[in-house]
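Inspection log for the structure reproduced underneath, given as structure tokens.
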Amino acid sequence: MSQEAGEIVKKLTSILGEKYVTASLPDLIAYSCDISPEPRVLPDVVVRPKTTEEVAEILKEANKTKKPVVPRGAGTCPAGFIKYQKNAIVVDMTRMDEIIDINEKEMTVTVECGVTWGKLYYELRKKGWRVGSYGPGSALSATVGGALSHHSLAYGCAKYGSVSENVTSLEVVLPTGAIINTGSGAYPHAKKAQRYGIGPDLTGLFLGEGGAFGIKTKATMMIHPFPEAVRFLCYEAENLKQLLDATYEVSKTRIPSDILGFNPWLNNALGEAGFKSLLGKDYTLHVVIEAPNDKVADAQAEYVDNAAKKTGVKEVGAEWLKFFYYPRFAEWWPRTSPKGKRWYAWCNKIPIYDYLRTHELIEELFNKYKDECEKYQLEPYDVMYFVVDWNTVDALLLVYAWDDVPGAREVVRKMWREGFERFVAEGGIHYWLGSAVGELVARNWASEYRETLRAIKKVLDPNGILIPGMLLLT
Amino acid sequence: MEVKWKNLEKYKTDIYRCIRCGYCRDQFRFRDNVTSVCPLRVTGAHTFESFEARGKIEIASAVLEGILPINEDTGKRLAEIFYMCSTCRNCWDKCYVKDHIDHVGVFEAFRADLFSMGFGLPQHKKFAEWTKQNHNPYLEPHEKRLDWLPKEFNIKPMESAEIVYFVGCTSSYRQKNIARATVSILKKLGVNFTILGLEEWCCGSPLFRVGAREVAEEQGRHNIEVIEKIGAKSVIFSCAGCYRTFRTDYQEIFGNLKFNLLHITEFLSQLIKEGKVKITKELKMKVTYHDPCHIVRHLAHLGRKAPLIEQPREILKSIPGVEFVEMERNKLNAFCCGAGGGLRAGFTEQSLELASERIREAEKTGCETLVSSCPFCYRNLTDAIKKLNSKMAMYDVTELLDMVL
């Protein structure tokens, strides 16, 4: 350990006690990766605070020596957030995992940001409630704070948008150590039930910024009654154009909570896994309708069904959809290949019909790397998309790899970076803001937008200690 | 000190299949009633991610890649990290990777290599050395192994019989009540059985778990030899740990065994189904059951029907007057008692906290009786009952059945 690291460990220990500060190499290695193909990056120190005040003290201490600070949720960023940990104090937020208040009267829930979406879902479900969008694909282990920093989305996002749309108020520790509340929480006499109406929307400033403007310690979110009735619709399309037509018509009804479009590979993979109705299908559309009772559910299902069928798609069995839906947070796509290889993923948000172009881009990318994929036993697949906020689809592609094949991970990384570059160049809208995506996005900002955000960062973080490099703001 | 990862190397494929999703550390699933994964994370014993399954897998890959030098400091820290685990295998059960990553296999291999390099915990080294000489990890003289056996049972060890009852060290030296209840039941049911007496050596379970593999294999080799000498067709176990060790470790090391293996709950529930058990009395008790990891999650990879989940419940439900209530975390999701994997010896306080968490969960059922089918669980849970001044009464499933026969 360097002398500088030794000093900071001593000071952090005086804040948190010995038990929750480590600079031991085996501990640092456990924190050295996320789920992206990026190489390991070691922090200098890891700390696990329990309170907002402790987080504030850590930041104040870091400012004294301009030591970088990087908050960490579950470490499940698929886009290389890990890069920013170099020589930093990593603040592991997972001890702050309390569900502080499920307020049924005000229809809000207030949580500490280190809680997982899985735990939040579990506790709300027991009382007959839910948040709108349930969290990211890794919701069982991903934390609320991490997902809010990335506008994460997955389950329920056709109807409810990204997780950020749930939020009414945040408690944030600014990089200087000051603690602020946003939304109606900024107003001492008001309850944290409304995001807007007390001035500018500072809540939004701390959402989807990759954590660069402050460490979120508490979040208040809207909750909805858990649906009593659910209907599942599944269709087969003859080609991609027809699939997108059906997606568009179904989205326009503004009824379903989830709308998913599957490409041939996923249909066959699931078909071979036992969901026979998908076997041999090229393109399929999967629709979930949640309603307060059977009568409403039936009426809505009929309406959506008519909208879908006017595009010529044919109904097929929805066994997979039921299997996916009921356990909640089941995987939409297999994270390991049938042979057991591990996955690395890309995603890319675009308006529904732009998916045609994305599909071409993906094919071009895979063709370019065909020989290398063969050489390094990589299996790339164009997998699926899901609808976000009615008008957009989030396209998902992945590559399966054996991590212990020498050179394989490097090829994945090269291909993965090039994929993101192509998507951004063609107007892809992202939300995974790890280094691989965040920096690309930031390079493509209009210059005035960039300068405005940099000026805000300078005000909030004068020493530039919080996640230096994130979105190229420092 | 020579740094060698010969055991860990065998798990390279498992290590590199980890997708780092973190479902092995934290997972809540409403429909499947999953409310936690790693028990030491739940009780707050684990301070950093390094202690949890995903972190340990990452460390394992780092040592194989040679980027984590092993010296006094790192070796000691690695021992703390890898031994502060009850090897309950819930991480395996909740793993989303196809065919699951064998987390506990990786941890035990890592421990074995640490042990060989001299980084085993002092408590573990001590019981490994003792077992080599005295064939038990309790630091008891071998000649006292039969002290649990009352003369009135009139059993001569090593007699020719179709069935061997393998008593195990914990029932021989500590939870003698379980050995006595088991033998009492077998006698009442007229089962033709014998015991190994002083020829019974430690099954090796605690040694396999902490990485003292050579001593463990020596014990195992001897046990197999004497059982084969008797010519028994089946071996019955009242200890979940011994049963699992024969069923998994022995078969892996020594190949297929020439005799059948039955846990006592398997054996008795089958007799009950066949109508061969005459229950003559009633027990007015509200009872909950603690599933031992050894006979549930540690058998789950052997097939859907391999975990002994229903058998103990069937025995309890067959007893007139018994009202059975499940704890919130049960069967494959059961919360570990904290005794296993060398945790009780290595990290006593943390081990007892797990047992205390389990007792508090049992109390929430409104039951006054907690039953299990493993002497080591029994032991740790009993200690937690004392620590908490709980009114819970602890029994082994054999004790309850013995009362009504």
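In the text below, chain A, chain B and the rest are named by the order of the sequence lines, each starting its count at 1.
A:S36 touches chain B through its backbone: at least one of N, CA, C or O sits under 4.5 Å from a heavy atom, while the side chain does not. Neither the backbone nor the side chain of B:E52 has a heavy atom closer than 4.5 Å to any heavy atom of chain A. If you measure heavy-atom distances from A:Y20 to chain B, the contacts under 4.5 Å come from both the backbone and the side chain. Heavy atoms of B:I19 lying under 4.5 Å from chain A belong to its backbone as well as its side chain. For A:V21, the part lying near chain B is the backbone, with the side chain staying farther off; criterion is any non-hydrogen pair under 4.5 Å. Both the backbone and the side chain of A:K126 come within contact range of chain B, each with at least one heavy atom under 4.5 Å from a heavy atom of that chain.
By number of non-hydrogen pairs under 4.5 angstrom with chain B, the leading residue of A:P78, A:A401, A:S32, A:P338 is A:P338. With respect to chain B, the highest number of heavy-atom pairs below 4.5 Å among A:A74, A:G340, A:A30 belongs to A:A30. Here A:T22 is the residue among A:T22, A:L120, A:T116, A:D34 with the most heavy-atom pairs under 4.5 Å with chain B. Contact count versus chain B (heavy atoms, under 4.5 Å) is highest, among A:D92, A:D97, A:V46, for A:V46.
Here the CZ-CZ distance, from A:R335 to B:R20, works out to 12.0 Å after rounding to the nearest 0.5 Å. The CD atom of B:E49 sits 7.5 Å away from the OG1 atom of A:T94 when rounded to the nearest 0.5 Å.
Residues B:Q27 and A:S141 form no side-chain contact, since every pair of their non-hydrogen atoms from C-beta on lies 4.5 Å or further apart. Considering only heavy atoms from C-beta on, A:Y31 comes within 4.5 Å of B:F48 through its side chain. Within the 4.5 Å cutoff, side-chain heavy atoms of B:L68 are placed close to those of A:P26.
Surrounding CD of B:E326 are more than 12 heavy atoms belonging to other residues, nucleotides or ligands, all under 6.0 Å away.
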field: Check against side-chain contact (heavy atoms from CB on, under 4.5 Å), B:R29 and A:L140
entry: CA-CA 8 Å; B:R29 292 206 312 260; A:L140 281 179; 3.9 Å; yes
- request: Begin with the C-alpha distance, continue with both residues' side-chain angles, and end with the deciding distance and a verdict on side-chain contact (heavy atoms from CB on, under 4.5 Å) for A:L124 and B:F30.
  value: CA-CA 10 Å; A:L124 286 172; B:F30 188 81; over 6 Å; no
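Using a distance-only test at 3.5 Å, with no hydrogens or angles considered, a donor-acceptor pair links the side chain of A:R342 to the main chain of B:C18.
For the residue pair A:R40/B:S61, the side-chain donor-acceptor check at 3.5 Å is satisfied.
For A:D27 and B:R77, the salt-bridge test passes: some basic side-chain N is under 4.0 Å from an acidic carboxylate O.
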